[in-house]
Asker: 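First the structure, then my questions, so here it is.
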Amino acid sequence: MWKGRFRQASSDLLTNYSESVSFDWRLFRHDIQGSIAHATALKNAGILTAGELAKISSGLRRIGREIAAGQFKFDPTLEDIHMNIEAKLTRRIGAAGAKLHTARSRNDQISLDLRLYLREEIGELERLVVAFQKALIGLAARHEKDVMPGYTHLQRAQPVLIAHHLLAYVEMLERDHGRLRDCGARLDECPLGSGAIAGSTIVLNREAIARDLGFSRVTQNSMDAVADRDFACELLSALAIIGMHLSRLSEDVILWASEEFGYLELSDQHTTGSSLMPQKKNPDIAELTRGKTGRLYGNLVALLTTMKGLPLAYNRDMQEDKEAIFDSVDTTRSALAVFSEMLRAARFRTTATTRAAGDANLLATDVADHLVLGGVPFRQAHEIVGRLVGLAAQRGVALDALDPGDFLAASPLLTRKVVKAVFSLSTALAARRATGAPSPRNVARRLAFWKERLS
Ligand code: ARG
């Protein structure tokens with residue numbers, strides 16, 4: 001494709017080192033879509049005849065069908081998907097094919113292809129995020145009234161509804177969805193016409209090409225258009241954050257599914273056994289998701305690092321963007337899909353969660369709050385209750401099983417009647433009615449909100 005200036009063929013080692021068609025072939029549909037739009041603009045500018053455009057378009061479509069059917073033989077000496085397609089087209093249709101690359105460079109071509117590809121993938125990722133939220137909501141709805149301990153430092157803290165814990169992830173995923181949408185909106189500009197770096201003396205109607213390809217606008221600086229991959233960094237960052245959220249949920253699931261917690265029952269379909277220990281039922285989906293999050297972070301850091309020292313404009317280093325992008329997109333897609341399926345089949349063991357939530361220590365703060373309402377400064381109330389907790393621990397009894405006399409000795413406000421009322425789990429939950437707190441009424445409302453919003 002550049003043989004004019006060269007007298008020797010490339011070394012085989014160079015060919016293998018620099019080819020990208022073994023992975024960027026995946027962009028073939030987008031490459032063809034872009035080339036047809038470009039050819040249409042060339043025709044409108046009088047560079048191609050209507051006949052040539054027709055030949056190019058049908059030739060490209062045929063190549064697209066062949067690649068999709070696995071009948072296309074890629075040639076690594078032609079480096080990438082762009083040159084593989086163009087060379088085949090030219091071999092088939094001759095002169096018209098050789099005109100296609102007028103006023104275009106692979107630099108604006110790859111920037112276009114990536115945007116077209118990511119636009120499509122972002123749409124799919126958005127759908128998968130919504131499906132994941134729905135799976136969480138389904139599980140939350142099955143346990144709308146069930147309680148469990150909430151944890152800080154992985155120590156029992158205060159009681160919550162299981163649904164409240166699950167809906168926390170729904171909120172996180174909603175922000176993830178927003179990040180995907182933002183990224184899609186920012187990459188929605190057509191770079192075609194930027195050429196290698198400085199556009200072309202053959203001026204095409206860029207706005208018409210953009211419209212043709214469904215972009216909202218065109219890029220405004222030819223160097224920026226071919227040099228930056230911030231849109232890819234942004235997507236990899238959004239996917240790394242999704243990975244972080246899924247990884248934390250994975251950790252919750254792994255803990256909950258352990259014998260020690262015994263909170264969650266995963267289906268046989270979504271767990272694996274051990275080749276050695278017959279009793280094992282392992283939460284591999286959650287573990288793999290937690291593990292794959294490392295790859296999502298790695299891909300982001302790899303691309304940021306690749307980009308950081310590059311002078312403007314295009315540099316070949318940028319070819320390294322693709323494997324990171326493909327891997328993060330594929331990994332996130334499969335993680336979202338398989339995790340959703342696992343959640344749809346999962347059930348909480350409510351005997352265990354209810355028993356754990358019945359730990360009276362979870363309501364120690366509620367006792368302190370009662371003292372505060374009686375006029376005791378919170379720091380003092382905290383100390384009074386702390387001493388009661390210590391006493392109960394020393395005696396090996398639950399906090400609410402201390403003698404009425406112990407409570408009264410700690411504070412005259414802690415009468416038998418008050419103690420009984422404060423240690424009622426349902427009263428304690430119902431009292432948590434500030435916006436965002438887990439009173440059953442709040443949680444039911446939020447659940448209804450999400451059901452409606454995501455339907
Ligand atoms: N395969 C190249 C890439 O992914 C396409 C652009 C090549 N441009 C060039 N001037 N060699 O970045």
Side-chain angles (χ1 to χ4, degrees), residues 1-6 8-35 37-38 60 63 67 72 74-90 100-121 187 190-200 213 219 221-236 299-300 302-330:
M1 289 277 162
W2 55 70
K3 56 184 185 302
R5 188 206 190 285
F6 288 77
Q8 288 181 310
S10 303
S11 125
D12 287 348
L13 285 174
L14 166 68
T15 301
N16 290 332
Y17 194 58
S18 76
E19 69 83 23
S20 57
V21 71
S22 55
F23 47 88
D24 68 12
W25 70 270
R26 289 177 55 163
L27 299 171
F28 74 94
R29 280 189 296 109
H30 312 96
D31 197 70
I32 287 170
Q33 189 189 1
S35 286
H38 180 67
L60 286 171
I63 290 171
I67 297 176
F72 190 95
F74 294 109
D75 177 357
T77 66
L78 290 168
E79 272 190 18
D80 52 28
I81 185 62
H82 323 295
M83 296 212 290
N84 268 270
I85 291 176
E86 193 194 324
K88 174 70 111 197
L89 180 73
T90 306
L100 175 60
H101 212 48
T102 312
R104 185 176 71 168
S105 152
R106 282 183 293 154
N107 297 355
D108 56 352
Q109 196 174 355
I110 185 59
S111 172
L112 172 72
D113 291 5
L114 276 178
R115 288 164 198 264
L116 289 172
Y117 161 78
L118 287 179
R119 189 170 76 180
E120 212 173 273
E121 290 295 340
L187 64 73
C190 186
L192 223 52
S194 303
I197 175 166
S200 170
L213 291 169
T219 53
N221 180 303
S222 62
M223 293 179 76
D224 168 46
V226 294
D228 210 352
R229 291 290 180 270
D230 58 349
F231 60 90
C233 296
E234 189 175 355
L235 181 67
L236 292 191
N299 290 333
L300 169 62
L303 183 57
L304 287 171
T305 310
T306 294
M307 297 303 296
K308 74 178 268 293
L310 303 185
L312 294 193
Y314 178 84
N315 298 266
R316 191 67 186 279
D317 316 44
M318 289 158 67
Q319 179 167 292
E320 291 292 311
D321 60 359
K322 271 162 261 350
E323 285 156 295
I325 295 172
F326 293 150
D327 185 58
S328 280
V329 167
D330 294 345

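The chain is numbered in sequence order, starting from 1. Each ligand, and each atom within it, is numbered from 1 in the order the structure gives.
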Asker: On the 0 to 90° scale, with breaks at 30° and 60°, tag the Phe74-Phe72 ring pair as parallel, tilted or perpendicular.
Answerer: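 Rings of Phe74 and Phe72: tilted, 30 to 60°.
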Asker: Between Asn315 and Asp317, is there a donor-acceptor pair closer than 3.5 Å when you use the side chain of the first and the backbone of the second?
Answerer: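 No.
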Asker: For ligand 1, which atoms have a heavy atom of Asp80 less than 4.0 angstrom away?
Answerer: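 Counting from 1, the qualifying ligand atoms are 1 (N), 2 (C), 5 (C).
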Asker: Judging by distance only, is a nitrogen or oxygen of His82 under 3.5 angstrom from one on ligand 1?
Answerer: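 N/O-N/O distance under 3.5 Å: no.
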Asker: Considering the heavy atoms of Asn107, write down every atom of ligand 1 situated less than 4.0 Å from one of them.
Answerer: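 So the answer, numbered in order with elements, is 6 (C), 7 (C), 8 (N), 9 (C), 10 (N).
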Asker: Looking at atom 4 (O) of ligand 1, what's its closest protein heavy atom, distance included?
Answerer: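 Going atom by atom, the protein heavy atom closest to atom 4 (O) of ligand 1 ends up being Lys322 NZ, 2.7 Å.
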Asker: Check contact between Gln109 and ligand 1, using heavy atoms of the residue and a distance below 4.0 angstrom.
Answerer: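 The answer is no, since Gln109 has no heavy atom less than 4.0 Å from ligand 1.
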Asker: What's the shortest distance from atom 11 (N) of ligand 1 to any protein heavy atom, and which residue and atom give it?
Answerer: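 Result for atom 11 (N) of ligand 1: Arg106 NH2, 3.4 Å.
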Asker: Establish, for the pair Arg115 and Phe231, whether the NZ or CZ atom is under 6.0 angstrom from the six-membered ring centre and no further than 45 degrees off its axis.
Answerer: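 Satisfied, under 6.0 Å and within 45°.
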Asker: If we count only N and O atoms by modelled type, under 3.5 Å, do the side chains of Gln109 and His38 hold a donor and an acceptor together?
Answerer: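 Side-chain D/A pair, Gln109 to His38: absent.
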Asker: Is there any N or O on Asp321 that sits under 3.5 Å from an N or O of ligand 1?
Answerer: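 N/O-N/O distance below 3.5 Å does not exist for this pair.
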Asker: When you measure from atom 12 (O) of ligand 1 to every protein heavy atom, which one gives the shortest distance, and what is it?
Answerer: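 Result for atom 12 (O) of ligand 1: Tyr314 OH, 2.4 Å.
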Asker: Step by step, would you call Ile67 with Ile85 a side-chain contact (heavy atoms from CB on, under 4.5 Å)?
Answerer: CA-CA 10 Å; Ile67 297 176; Ile85 291 176; 4.2 Å; yes
Asker: May I ask you to check whether His30 and Asp113 show a side-chain donor-acceptor distance below 3.5 Å?
Answerer: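 No - no donor-acceptor pair under 3.5 Å links their side chains.
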Asker: Hey, does the side chain of Asp108 reach the backbone of Ser105 with a donor-acceptor pair shorter than 3.5 angstrom?
Answerer: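 Yes, because the side chain of Asp108 sits within donor-acceptor range (under 3.5 Å) of the backbone of Ser105.
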Asker: For ligand 1, which atoms, with element, lie under 4.0 Å from some heavy atom of Ser20?
Answerer: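 Near Ser20, the atoms of ligand 1 are 1 (N).
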Asker: Got an N/O contact under 3.5 Å between Gln319 and ligand 1?
Answerer: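 Right, the criterion is met.
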